[in-house]
Amino acid sequence: MVIYFSRISVLLLFLCSWNSFITTVTSPIWYNLSNTEAYDALDPTGNITIKWDIMSWTPDGYVAVVTIFNFQQYRHIQAPGWQLGWSWRKKEVIWSMVGAQATEQGDCFKFKGNIPHCCKKTPTIVDLLPGTPYTQQISNCCRGGVISSWAQDPATAISSFQISVGQSGTTNTTVRAPRNVTLKGPGPGYTCGPAQIVKPSKFISADKRRKTQALFTWNITCTYSQFLARKTPTCCVSLSSFYNETIVPCPTCSCGCQNSSQPGSCVDPKIASVVPASGKNSLEPLLQCTKHMCPIRVHWHVKTNYKEYWRVKVAITNFNYNMNYSQWNLVVQHPNFDNITQLFSFNYKPLTPYADINDTAMLWGIKFYNDLLSQAGPVGNVQSELLFRKDPSKFTFEKGWGFPRRIYFNGDNCVMPSPDSYPWLPNATPNLATSPFIILLITFFSFLILM
């Protein structure tokens, strides 16, 4: 009787172990991340806010200043820049623009004299390029659509343009906010809500002695989702240490797998030196052939151990021949960032969305030195070293403590190696007893013995 119940117990344990094993094996890393990417725990209030301020009325419409505020701490908009689109509710047209332009004029055949700038029902607006004549500029325009993240540079985390709208109504009760607003930064990923009426914006004069305000203001809030932006990750992490010869590479197929049926789908490293530099950014990547097939690899190397300090080297490598990453940034989560002492050739800012926890750092390049991560090739990498002071109450190299918990590149979560593959201290081994596969084997053989 005892043996019978033992068999039943072991059988139940076997079934539970099998379910745990199947769940672990069949769930890709990026799929587990995708369900939470619309909300970022490290930047819980981050968003892009579009403010539509009506400044004056015209005979058939209004003049407005549209301002894009990037309130995201570490996600910026890089070249080729933002694209803003919407649908008009009535028969509005754009008479003129300053600081931006519509990509298409549309069909304006009904107008005989003065021809509008754009007659499309669904216009798409882009920023003007640097070097635009001053007569076509307004404040915070003309940077080619590039907007910095809020933590890197609040002064350039704003982009503005002026728009003159006709056939729209000339009072607060007759004008209608645009709907179905879309924002590309520069690719997909942003979802924008409906326009909301808010208190009119206030403006301070250059001499700071007078305040004016808009006649009417709408706010549109856009949030980012990595899963909407792309179906696979864009970066991965590799690890190494001075105390172990093992170099843990990025997980195989982190961002996709090589397509053996299409030989030209990636660039063989043997001929990479003859790939011409495009000089322009493209949303379609041309990747070097690797096992991980990620555009970006971040390598974390535990370099040196001192009596009171320890040193880490961080290297970022670009495997994409079609993208120069301007104003790149890296966000790293590690418990010892509350005692960081010195950085070399990177800027640093702590991110503390939860006031009592200081374990997250934002790193980015120094302007005109290494703030541009060039396309794949001999100069397609940047690196720095970080010096940490040891906290005796928690410092250890055991069980992979010296490696980061999470890494973001340009706001996208990078694929980390499995914790049981981390470089371990000599004479130390991973706790394999916790592996679902090991549990499965133990319960299976126990069941056979009791048979």
Side-chain angles (χ1 to χ4, degrees), residues 28-31 33 76 78-80 186-189 226-227 229-240 246-301 313-332 345-346 363-365 369-384 403-404 407-418 421 423:
I29 296 173
W30 59 267
Y31 179 81
L33 293 174
H76 68 289
Q78 64 180 22
Q226 182 176 344
F227 189 60
R230 53 193 66 83
K231 299 301 181 184
T232 57
T234 59
C235 56
C236 64
V237 179
S238 58
L239 308 170
S240 62
T246 302
I247 298 177
V248 180
C250 288
T252 302
C253 296
S254 294
C255 305
C257 299
Q258 292 188 38
N259 190 345
S260 57
S261 61
Q262 296 181 357
S265 59
C266 62
V267 178
D268 191 321
K270 296 179 181 178
I271 63 170
S273 60
V274 300
V275 176
S278 63
K280 295 183 179 180
N281 288 345
S282 172
L283 298 180
E284 290 297 326
L286 176 60
L287 301 180
Q288 186 178 121
C289 296
T290 59
K291 291 184 178 181
H292 54 77
M293 290 303 290
C294 290
I296 294 293
R297 182 191 66 196
V298 181
H299 185 76
W300 179 281
H301 175 66
K313 183 176 181 179
V314 178
I316 308 171
T317 305
N318 186 2
F319 292 95
N320 188 355
Y321 290 93
N322 281 350
M323 182 64 73
N324 294 304
Y325 294 92
S326 60
Q327 299 182 21
W328 61 267
N329 66 67
L330 198 70
V331 173
V332 185
S345 70
F346 279 4
L363 313 174
W364 69 94
Y369 176 60
N370 59 356
D371 62 332
L372 176 67
L373 176 56
S374 299
Q375 64 187 39
V379 295
N381 67 87
V382 292
Q383 53 190 310
S384 180
F403 299 107
I407 289 182
Y408 290 74
F409 178 81
N410 279 357
D412 285 346
N413 205 342
C414 300
V415 178
M416 298 287 295
S418 172
S421 67

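Since this is a predicted model, take the numbers as computed values, not measurements. For reference, positions follow the sequence shown, starting with 1.
Annotation: side chain of D371 is not in contact with side chain of S326 (no heavy-atom distance under 4.5 Å). Side-chain contact between K291 and P249 is absent, with no heavy-atom pair separated by less than 4.5 Å. Side-chain contact between T290 and R297 is absent, with no heavy-atom pair separated by less than 4.5 Å. Side chains of V248 and S418 form no contact here, defined as non-hydrogen atoms less than 4.5 Å apart.
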With side chain to side chain contact (heavy atoms under 4.5 Å, CB included) as the test, would you mind laying out the steps for F319 and H292 before giving the verdict?
CA-CA 10 Å; F319 292 95; H292 54 77; 3.9 Å; yes

Please determine whether side chain to side chain contact (heavy atoms under 4.5 Å, CB included) holds for the pair I296 and I316, giving the CA-CA distance in whole Å, both sets of side-chain angles, and the decisive distance to 0.1 Å.
CA-CA 7 Å; I296 294 293; I316 308 171; 3.8 Å; yes

One pair to check against side chain to side chain contact (heavy atoms under 4.5 Å, CB included): V237 and F403. What are the steps and the verdict?
CA-CA 10 Å; V237 179; F403 299 107; over 6 Å; no

Given S345 and N370, is the side chain to side chain contact (heavy atoms under 4.5 Å, CB included) satisfied, shown in steps?
CA-CA 8 Å; S345 70; N370 59 356; 4.0 Å; yes

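Atoms CG and OG, from N320 and S374 in turn, are 12.0 Å apart once rounded to the nearest 0.5 Å. Atom SG of residue C235 and atom CG of residue N413 lie 7.0 Å apart, to the nearest 0.5 angstrom. L286 CG to M323 CE: the interatomic distance, rounded to the nearest 0.5 Å, is 12.0 Å. Between the CH2 atom of W364 and the CD atom of Q327 there is a distance of 11.0 Å, given to the nearest 0.5 Å. Taking CE of M293 as the start and SG of C255 as the end, the distance is 9.0 Å to the nearest 0.5 Å. We find the CG-CG distance between N318 and N324 to be 7.5 Å, quoted to the nearest 0.5 Å.
Here the closest heavy-atom approach between residue Y321 and residue Q375 is recorded as O-OE1, 3.2 Å. Closest approach of P295 and T234 over heavy atoms only: CD-O, 3.1 Å. The shortest heavy-atom contact between P188 and A229 is O-CB, 3.3 Å. Across all non-hydrogen atoms, the minimal contact from P417 to S421 is CB-OG, 3.8 Å.
Under 3.5 Å, the side chains of H299 and S240 contain a donor-acceptor pair of N or O atoms.
When the SG-SG distance for C266 and C289 is compared with the 2.5 Å cut-off, it comes out below that value.
Judged as a side-chain contact (heavy atoms from CB on, under 4.5 Å), and not counting sequence neighbours, the contacts of N410 are H76, Q78, Y325, W328, N329.
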